[in-house]
Novice: 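So that we are looking at the same thing, I have put the structure below in structure tokens.
The chains referred to below are lettered A, B, ... by the order of the sequence lines, with proteins before strands, and numbering in each begins at 1.
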There are 2 protein chains.
Amino acid sequence: MTGPTLLERLRERGWRVTSQRRAVAEALAGEHVHLTADEVHRRARDVLPEVSLATVYNTLNELVAMGEVAEVRHTPGPSRYDPNLGAGPHHHLLCTTCGTLFDVDPAAVATPTLSGDDRRQFRVDAVDVLFRGTCAACAAG
Amino acid sequence: MTGPTLLERLRERGWRVTSQRRAVAEALAGEHVHLTADEVHRRARDVLPEVSLATVYNTLNELVAMGEVAEVRHTPGPSRYDPNLGAGPHHHLLCTTCGTLFDVDPAAVATPTLSGDDRRQFRVDAVDVLFRGTCAACAAG
DNA sequence: GTATATGCAAAGCATTTGCATTAAA
DNA sequence: TTTAATGCAAATGCTTTGCATATAC
């Protein structure tokens, strides 16, 4: 079940594996999802103090272009980066009170499909679902 | 079926109805959906040449806060404003080739629901679905 | 050795804000 | 008359870019 790591896949695609890119990949691999570019930068700097924010942005953009990472703009402010691809569709819960963005257990959502005319006029490659509401912590007060 | 107009609803909520706000409301009421703030500004200026971009932003933000208009950030670049609320959930199709954002016939999508643990831990207020793919024009071209 | 990635600093957009002026109520 | 909205211009925040240097291959 465990395929090649992110860095292995990137090497196969002809990437030069630099210490900076390794640091960014490690920052994303942690248990924290939905990091901003700035948060990735901070984490990468813990490992490699001289990595620049520009390089973090460049690397994140390349990962997004390759489909390894999703850029998510559901929240106000900066984009967030979601490395949880490969595990099928990645839906989200946004708590409109505290602003936290949660991952949804994919088994908990029946991915919607298009029907009617729209189905014939559009070829769908991916579906993104965002549930807006209130998380347990905020509901509890 | 035809309820009060946008401006009437705003007046009911204590808005001062200025010529600028009227111009913004008219710009949004046109048949073009998903305008950027800049596009709203251009259209509003056709009617009221001295309206400023800052006022357009202020007005759009107020309309979003009131739930009259949805701010949509599915595309790269600036936010787009979708006045098609009140007609229930408003799902979208994004053509990843040409970048156009289309509205979806609400009848063509079964709005997804949460099940399992997530249902118990999160109170859902709204659901947003984005289909990514290729539109008919791009598929043909 | 050569092509590519990096860091830095500057530029680019999109959006917000402060404040004096204007206008709705 | 009072309170809120406006326009302007400056500030902010996020992201990208140009270019000289460093480094993976």
Side-chain angles (χ1 to χ4, degrees), chain A residues 6-27 34-42 44-45 47-66 68-82 99 101, chain B residues 6-27 34-42 44-45 47-66 68-82 99 101:
Chain A
L6 174 57
L7 282 173
E8 285 165 348
R9 271 172 287 157
L10 297 178
R11 213 184 312 255
E12 280 166 17
R13 294 187 223 184
W15 257 39
R16 290 197 180 175
V17 178
T18 64
S19 53
Q20 289 87 342
R21 286 172 168 178
R22 202 176 292 117
V24 169
E26 281 173 25
H34 310 319
L35 299 175
T36 64
D38 216 69
E39 288 162 350
V40 172
H41 184 215
R42 267 200 291 280
R45 256 195 323 209
V47 165
L48 187 73
E50 68 274 24
V51 67
S52 75
L53 182 56
T55 292
V56 169
Y57 270 107
N58 287 338
T59 304
L60 288 172
N61 285 341
E62 287 157 356
L63 291 170
V64 169
M66 288 180 179
E68 293 285 351
V69 167
E71 181 180 359
V72 159
R73 307 210 313 161
H74 293 321
T75 51
S79 292
R80 294 181 171 275
Y81 295 87
D82 182 351
L101 188 65
Chain B
L6 173 58
L7 283 172
E8 284 165 348
R9 269 172 290 157
L10 297 178
R11 214 184 312 256
E12 280 167 16
R13 293 186 223 183
W15 258 37
R16 290 195 181 176
V17 178
T18 64
S19 54
Q20 290 87 340
R21 286 171 168 179
R22 202 177 290 117
V24 169
E26 281 172 23
H34 310 318
L35 299 174
T36 64
D38 216 69
E39 288 163 350
V40 172
H41 184 215
R42 268 200 291 281
R45 257 194 324 207
V47 166
L48 188 74
E50 68 275 25
V51 65
S52 75
L53 182 55
T55 293
V56 169
Y57 271 108
N58 287 339
T59 305
L60 288 172
N61 285 341
E62 287 157 356
L63 291 170
V64 169
M66 287 177 178
E68 292 285 351
V69 167
E71 181 181 358
V72 159
R73 308 211 311 161
H74 292 320
T75 52
S79 292
R80 295 182 170 276
Y81 295 88
D82 183 350
L101 189 65

Novice: Of the candidate nucleotides dA5(D), dG7(D), dT15(C), which contains the atom at the shortest distance from the side chain of S52(B)?
Specialist: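 Of the options given, the side chain of S52(B) lies nearest dG7(D).
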Novice: OP1, OP2 of dT6(D) versus side-chain N and O of T18(B): anything below 4.0 Å?
Specialist: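 Result: yes.
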Novice: I want to verify a distance call: between dT6(D), dA9(D), dA9(C), whose nearest atom is closest to the A54(A) side chain?
Specialist: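 Within the option list, the nearest is dA9(C).
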Novice: Mapping G77(B) and R11(B) to their closest nucleotides on DNA chain C, which lands nearer the 5' end?
Specialist: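 With G77(B) and R11(B) compared, the 5'-side residue is G77(B).
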Novice: Could you walk me through whether E62(B) and R13(B) pass salt bridge (Lys or Arg N to Asp or Glu O under 4.0 Å), step by step?
Specialist: CA-CA 12 Å; E62(B) 287 157 356; R13(B) 293 186 223 183; over 6 Å; no
Novice: Donor-acceptor pair, R21(B) side chain versus T59(B) backbone, under 3.5 Å?
Specialist: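 Checking the backbone N and O of T59(B) against the side chain of R21(B), no donor-acceptor pair under 3.5 Å is found.
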Novice: Measure from the side-chain N and O atoms of H41(A) to the backbone N and O of V51(A), and report whether any donor-acceptor pair falls under 3.5 Å.
Specialist: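 Yes: the side chain of H41(A) pairs with the backbone of V51(A).
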Novice: Grab the CG-P distance between L60(B) and dT6(D) for me, whole Å please.
Specialist: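 Going from L60(B) (CG) to dT6(D) (P), I get 12 Å.
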Novice: Among the nucleotides dA25(C), dA24(D), dT6(D), which one has an atom lying closest to any side-chain atom of R16(B)?
Specialist: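 Looking only at heavy atoms from C-beta outward on R16(B), the closest nucleotide is dA25(C).
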Novice: Rounded to whole angstroms, how far apart are CG on N61(A) and C1' on dT4(C)?
Specialist: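 To the nearest whole Å, that distance equals 17 Å.
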Novice: It should be established whether S79(A) places a side-chain nitrogen or oxygen under 4.0 Å from OP1 or OP2 of nucleotide dT15(D).
Specialist: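 For S79(A), the contact criterion (side-chain N or O under 4.0 Å from OP1 or OP2 of dT15(D)) is met.
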Novice: Taking atom C1' of dC13(C) as reference, at what distance in whole Å does atom CZ of R73(B) sit?
Specialist: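 Answer to the nearest Å: 14 Å.
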Novice: Starting at CD of E62(B) and ending at C1' of dT15(C), how long is that distance when rounded to a whole Å?
Specialist: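 The distance from CD of E62(B) to C1' of dT15(C) comes to 15 Å, rounded to the nearest Å.
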Novice: Nearest to the side chain of T55(B), heavy atoms from C-beta on, is which of dG7(D), dA5(D), dT6(C)?
Specialist: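 The closest nucleotide is dG7(D).
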Novice: Give a yes or no on whether the backbone of T75(B) and the side-chain of R73(A) come within a donor-acceptor separation of less than 3.5 Å.
Specialist: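 A pair under 3.5 Å: yes.
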Novice: Using whole Å, what does the distance between atom P of nucleotide dT4(C) and atom CZ of R13(A) come to?
Specialist: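 It is 18 Å, rounded to the nearest whole Å.
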Novice: How close or far is atom C1' of dT4(C) from atom CH2 of W15(A), stated in whole angstroms?
Specialist: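 In whole Å, dT4(C) C1' and W15(A) CH2 are 12 Å from each other.
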Novice: E26(B) side chain to A23(B) main-chain N or O, any donor-acceptor pair under 3.5 Å?
Specialist: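 The answer is no, because no donor-acceptor pair under 3.5 Å joins these two groups.
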Novice: Verify the contact: side-chain N or O of Q20(B) to OP1 or OP2 of dG7(D), cut-off strictly under 4.0 Å; return yes or no.
Specialist: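 For dG7(D), OP1 or OP2 has a side-chain N or O of Q20(B) closer than 4.0 Å.
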Novice: Let me know the distance between CZ of R21(A) and P of dT23(D), rounded to the nearest Å.
Specialist: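 Rounded to whole Å, this separation is 15 Å.
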Novice: Atom OH of Y57(B) and atom C1' of dT12(D): how far apart are they, to the nearest Å?
Specialist: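 The answer, rounded to whole Å, is 13 Å.
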Novice: Between dT6(D), dA4(D), dT15(C), which nucleotide has the shortest distance from any of its atoms to the side chain of P78(B)?
Specialist: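 Shortest atom-to-atom distance from the side chain points to dT15(C).
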